[in-house]
Amino acid sequence: MKVLHDVSIEMTEGETVILLGTNGNGKSTLIKTIMGIVPPNQGEIIFESEGVQINLVGKKPQEIVNMGITMVPEGRRLFPQLTVEENLYLGAFRREARQNLERNLSYCFEVFPRLGERRTQLAGSMSGGEQQMLALARAIMSSPKILLIDEPSVGLAPILVSQLMTSIKEMKENLNLTVLMTEQNFSQATKIADRGYIIVHGKIEFRGSNVELSGNELVKQYYLGT
Amino acid sequence: MVSIDLLLNAVVAGILIGGFYAAVSLGISVVFGLLDIANIAHPLFVITGSYFTFYLNSNFGLDPILVGLILMPLFFVIGNIVYQSYYHFFEKQGAEPLRGLVFFFGVLFLIEVSIIITFGVDYQLVEAAYLGESLNLGIVNVSYRLFIPFLVGVLLTTGLHFFFAKTFYGRAIMGVSQDSLALSLMGADPVRIKSVAFGIGIATASMAGALLVMILPIEPALGREYIGRVFAVAVLGGLGSVKGALFAAIILGIAESLTATYFGAAWSSGVSFGFLLLVLAVRPAGLFGR
């Protein structure tokens, strides 16, 4: 069964791009395809770094991570029986990240002081909001250039979603990241995005800047209930 | 009438034998506790280590501990091969764990038969000058035959404990069965991580085998006696906790030694498993389980 077709998106360095769409439209599938978790039947995923173009199709997730592309998966996917600290150390598994371990660790604790207080707690015993913080921090530990964030707001209270978006923006700016984030929460996601795409039934139906997104009919239909 | 020196000697012997049980159980602690693979053939790898040690000791006069040490890389490679076969024929196909168990039953019989064909069914033992001696500490008598395996078992456990706690590979091994996709998103290859972990588990068997043949005469079917015991130690200690396995092994060693001293050796394993059930009833995660 084809889930995605005619999907073409691009990002340039330093952008925050959001991929909007309600459940079941293929947002997560697109992110998983980029990461090599779901193999595509056709098409190309081109990553350009220092003038060299690499096709990511056919590469395994670990190979893609080692190029500096890290994903914060939907549902967080923490190691529940490991402590906060062990989860963070595992984030720094790739060779390039090991050299920056101390610096990244103190940065994570600066952005999320709560994680610093809970270093020795098991990840599985923390609240949803704390787990999402840990998932983000663990991704930062891998020293990424590009961060793909899949539905970070799922299951979180509105106040936490707002704080999380602020943290993502802060990390993006401090670490010069390029961010692609999928979201259902339109108003929160557009607060930090430069521009975005709307995906409907596996097709990109609209692309535009934040301002253009806000005035769009599809957005009104899907998110604003009018 | 309880005599103090009988009691003390039984406790000391129990502690010493416990250090040895830890060495035998480490592989199960890693492979069953951290990878969720029920490698029931593990004790047979231990016995294989014993026979290699016996062969190199009786033919070339090599020290058993030295043999255990130099065989570790070879056993690591064997472990890698066993895991890769298990992965390709079972795990990759999403086979149920029960079918994997059948695979390891097969490995168990294969090893046992190979040993019988190669070495026969007679009891064998190793020689080393220090094995007959003992350390006299007043009322307690510590024989080197038990003390050296204890020491090596404790060292092996401590080394592995720090490997898991302090290295990137060690932590990846702890995480791999919890979420292998998430581990690949950390940039690690889950199959490679499991392969290394399995290799380490089997590598401990060569040393445990060397210790075993120092303590007792060996015969090919001896491995079966250890199947229950090694799983008991791993479960009692808390699955995946190497430190827990050491403490559990010592507790089990003391319990068995006291039982053997006061009620007869036949009761030993009954007491061990009774103790295991008791602990699991109170603390299902085991002594050091998370």
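A, B, ... follow the sequence lines: proteins, then strands. Residue 1 opens every chain.
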Using heavy-atom distances under 4.5 Å, tell me whether [X] contacts chain B through its side chain, its backbone, both, or neither.
{"X": "A:L122", "result": "side chain"}
{"X": "A:I37", "result": "side chain"}
{"X": "A:L101", "result": "side chain"}
{"X": "A:A97", "result": "neither"}

Donor + acceptor pair across side chains of [X], [Y] (<3.5 Å):
{"X": "A:E48", "Y": "A:Q53", "answer": "yes"}
{"X": "A:E74", "Y": "A:S28", "answer": "yes"}
{"X": "A:E15", "Y": "A:T12", "answer": "yes"}
{"X": "A:Q121", "Y": "A:S125", "answer": "yes"}

- [ ] Starting from the C-alpha separation in whole Å, work towards a yes-or-no answer on side chain to side chain donor-acceptor pair (under 3.5 Å) for A:S142 and A:T70.
- [x] CA-CA 7 Å; A:S142 76; A:T70 298; 2.6 Å; yes
Task: Largest heavy-atom contact set with chain B, pairs under 4.5 Å, which of A:M141, A:R98, A:K60, A:R76 - done: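 Top option by heavy-atom pairs under 4.5 Å: A:R98.
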TODO: Output the option from A:R95, A:M35, A:E86 having the highest count of non-hydrogen pairs under 4.5 Å with chain B.
DONE: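 Maximum pair count with chain B is reached by A:E86.
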Task: Heavy-atom check, side chain of B:F198 versus side chain of B:L34, under 4.5 Å - done: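 Of all side-chain heavy-atom pairs linking B:L34 with B:F198, none is under 4.5 Å.
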TODO: For the residue pair A:P73 and A:D150, establish whether any side-chain heavy-atom pair is separated by less than 4.5 Å.
DONE: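 A side-chain contact is absent here, since even the closest heavy-atom pair is not under 4.5 Å.
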- [ ] Using a heavy-atom cutoff of under 4.5 Å, enumerate the residues of residues 161-171 of chain B that contact chain A, numbered in order, or state 'none'.
- [x]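 So the qualifying residues are B:F168, B:Y169, B:R171.
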- [ ] Write out, in numerical order, the residues from residues 74-92 of chain B with a heavy atom short of 4.5 Å from a heavy atom in chain A.
- [x]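 Within residues 74-92 of chain B, no residue comes under 4.5 Å of chain A, counting heavy atoms only.
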Task: Under-4.0 Å salt bridge between B:R229 and B:E225 - done: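 No, no charged N to carboxylate O under 4.0 Å.
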Open item on the list: If the condition is salt bridge (charged side-chain N to carboxylate O under 4.0 Å, His left out), which residues does A:K191 pass it with, not counting sequence neighbours?
Closed with: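 Checked A:K191 against salt bridge (charged side-chain N to carboxylate O under 4.0 Å, His left out); zero matches.
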- [ ] Can you establish whether the number of heavy atoms outside A:E96 located under 6.0 Å from its atom CD is more than 12?
- [x]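 Atom CD in A:E96 is not packed in, count stays at 12 or less.
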Task: Within 6.0 Å of CZ in B:R283, more than 12 heavy atoms from elsewhere - done: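 Yes, because the 6.0 Å sphere around CZ of B:R283 holds more than 12 heavy atoms from other groups.
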Name each donor-acceptor pair under 3.5 Å that joins a side chain in residues 110-118 of chain A to protein atoms two or more places apart or in another chain, with its distance.
unit_1, atom_1, unit_2, atom_2, d
A:R114, NH1, A:E130, OE2, 2.7
A:R118, NH1, A:E130, OE1, 3.3
A:R118, NH1, A:E130, OE2, 2.9

TODO: Decide yes or no on side chain to side chain donor-acceptor pair (under 3.5 Å) for A:N104 and A:S143, but give the supporting numbers first.
DONE: CA-CA 8 Å; A:N104 286 339; A:S143 288; 2.9 Å; yes
Open item on the list: Heavy-atom pairs under 4.5 Å with chain A - which of B:A172, B:S184, B:A182 has more of them than the others?
Closed with: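 When all of B:A172, B:S184, B:A182 are compared, B:S184 has the most.
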